[in-house]
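Each chain gets a letter, A, B and so on, in the order its sequence line appears, and its residues count up from 1. Computed from a prediction, not measured in an experiment: that's the story for all the values here. Just so you know, these numbers use all the heavy atoms, side chains as well, and skip hydrogens, waters and symmetry mates.
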Number of protein chains: 2
Amino acid sequence: METDRHDYTEVLTRHGIRPTAIRLLIYRTALRFHDTFSMAELEDALESVDKSTVFRTLSLFAARHLVHEIEDGTGSTKYCLCRNDHPCGINELHCHFHCESCHKTFCLDHTHIPVVRYPAGFEVRQIDYLLKGLCPECRAKQHSGSER
Amino acid sequence: METDRHDYTEVLTRHGIRPTAIRLLIYRTALRFHDTFSMAELEDALESVDKSTVFRTLSLFAARHLVHEIEDGTGSTKYCLCRNDHPCGINELHCHFHCESCHKTFCLDHTHIPVVRYPAGFEVRQIDYLLKGLCPECRAKQHSGSER
DNA sequence: TGTATTTTGCAACCCGGTTGCAACAAAATT
DNA sequence: AATTTTGTTGCAACCGGGTTGCAAAATACA
């Protein structure tokens with residue numbers, strides 16, 4: 001839980017976001033999550049920031065391609081920091097994995113989304129690829145249990 | 001808007017679902033949608049059935065693999081009838097396309113989801129592949145307009 | 001036909017997300 | 001530096017899709 005004192009002003013400005021104190025704080029806090037996080041989780045980690053501010057900040061970050069939004073089927077949007085410093089092209093997107101047991105959603109950073117051939121006429125701007133099942137931990141737990 | 005009088009009792013029973021009058025009605029109504037539909041759309045098409053019943057019926061259908069649930073990022077779950085008469089394997093799933101302009105979600109029935117190589121330890125049970133962008137109609141409209 | 005079980009409708013609720021507005025802070029202007 | 005303008009934040013209220021408890025109705029079963 002060490003506090004990151006590095007200054008990310010430049011990161012925000014590069015994305016066309018005004019680096020207010022709260023935005024920098026939110027960005028620093030988001031960095032602590034290595035996989036995805038929800039608005040609520042970020043809110044908890046922040047304590048003193050209002051939920052509407054967190055919401056608006058994440059929306060802004062998403063619009064400026066600083067975070068990705070992920071629908072993992074739980075009904076609550078997840079976010080993850082984009083490690084690229086430019087808007088991700090279709091070929092740079094990575095897959096996500098949602099564990100149906102512990103409900104964590106993982107970034108498979110090294111697993112790129114394969115682009116399918118789709119019918120003519122459609123214009124694709126974004127792709128989501130979501131695997132669902134059991135994460136390694138939950139799988140181990142399950143097997144060690146009643147071996148069902 | 002013709003009414004389908006065919007009897008789908010057998011379809012439901014084959015999936016382990018008791019064929020009550022309402023469930024048959026809901027199934028027949030769902031058949032009228034060629035792409036995906038939301039709970040609300042189905043409710044409208046049904047008129048006289050309560051929303052909780054529609055909800056519980058769709059949940060049951062989904063649990064019994066009679067419909068697929070699709071998260072298209074709008075926050076409202078979409079459904080589509082599964083045309084297979086057995087639970088779809090990982091290799092039988094199809095992609096979906098969500099239009100960011102008209103907000104319709106299409107089934108790309110003939111575009112199967114490519115299965116990626118994922119890190120060891122994960123157990124995959126389900127995959128969602130969602131393309132987002134403009135559907136052919138909206139794309140045409142946009143181009144014919146101010147040609148921006 | 002009477003009893004047990006399941007399904008349905010109604011109403012109320014939950015909760016993540018979203019918005020209007022006033023207070024506040026930062027930036028631009030004089 | 002003081003003032004005006006613009007953008008940001010917190011608060012509270014709201015919205016809407018989804019979900020649940022419960023009693024009534026329908027269905028299965030003895």
**Q** Going hydrophobic residue to hydrophobic residue with side-chain gaps under 4.5 angstrom, can you get from B/L93 over to A/I113?
**A**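 Same cluster: B/L93 reaches A/I113 through Ile, Leu, Val, Met, Phe, Trp or Tyr contacts under 4.5 Å.
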**Q** Whole Å only: how far is the CD atom of B/E41 from the C1' atom of D/dG17?
**A**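 Computing the B/E41:CD to D/dG17:C1' distance gives 13 Å.
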**Q** Among residues two or more places apart or on two chains, list those pairs meeting salt bridge (charged side-chain N to carboxylate O under 4.0 Å, His left out) that have a residue in residues 50-72 of chain B.
**A**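 Checked against salt bridge (charged side-chain N to carboxylate O under 4.0 Å, His left out) - neighbours excluded - the pairs reaching residues 50-72 of chain B are B/D72-B/K78.
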**Q** Sugar-phosphate atoms are those with a prime plus P, OP1 and OP2; base atoms are the rest. Using that split, label each nucleotide of nucleotides 5-15 of chain C B, S or - for protein heavy atoms under 4.0 Å, 5' to 3'.
**A** -SSBBB-----
**Q** What is the distance from CG of A/L58 to C1' of C/dT18, rounded to the nearest Å?
**A**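 For the pair A/L58 CG and C/dT18 C1', the rounded distance is 14 Å.
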**Q** Counting any heavy atom closer than 4.0 Å, what does A/T77 reach on the DNA or RNA strands: base, sugar-phosphate only, or nothing?
**A**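 A/T77: backbone/sugar contact only, no base atoms under 4.0 Å.
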**Q** Quick check on the 6.0 Å ring-centre criterion: do A/F106 and B/F122 meet it?
**A**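 Ring centroids of A/F106 and B/F122 are less than 6.0 Å from each other.
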**Q** Run the side-chain contact (heavy atoms from CB on, under 4.5 Å) check on B/L108 and B/L131 step by step: do they pass?
**A** CA-CA 10 Å; B/L108 307 182; B/L131 299 148; 3.5 Å; yes
**Q** Taking NE2 from A/H103 and P from C/dG16, how many angstroms apart are they, rounded to a whole number?
**A**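 From A/H103 NE2 to C/dG16 P: 14 Å.
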**Q** Rounded to the nearest angstrom, tell me the gap between atom CG in A/L24 and atom P in C/dA26.
**A**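 Taking CG of A/L24 and P of C/dA26, I get 12 Å after rounding.
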**Q** Between C1' on D/dG7 and CZ on A/R64, what's the gap in Å once rounded to a whole number?
**A**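 From A/R64 CZ to D/dG7 C1': 13 Å.
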**Q** Could you state the CG-P distance from A/L42 to C/dG16, rounded to the nearest angstrom?
**A**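 Result: 14 Å.
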**Q** Over how many whole Å does the gap from B/E71 atom CD to D/dG18 atom P extend?
**A**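 Rounded to the whole Å, the gap is 9 Å.
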**Q** Which side chain to side chain donor-acceptor pair (under 3.5 Å) pairs, counting each pair once, include a residue from residues 87-97 of chain B, with sequence neighbours left out?
**A**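 The answer is B/H86-B/E92, B/H94-B/H96.
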**Q** Could you check whether any side-chain heavy atom of A/V116 comes within less than 4.5 Å of a side-chain heavy atom of A/I127, counting everything from C-beta outward?
**A**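 A side-chain contact under 4.5 Å is absent here.
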**Q** Provide, to the nearest angstrom, the distance between the CE atom belonging to A/M39 and the P atom belonging to C/dT18.
**A**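 Those two atoms, CE and P, are 8 Å apart.
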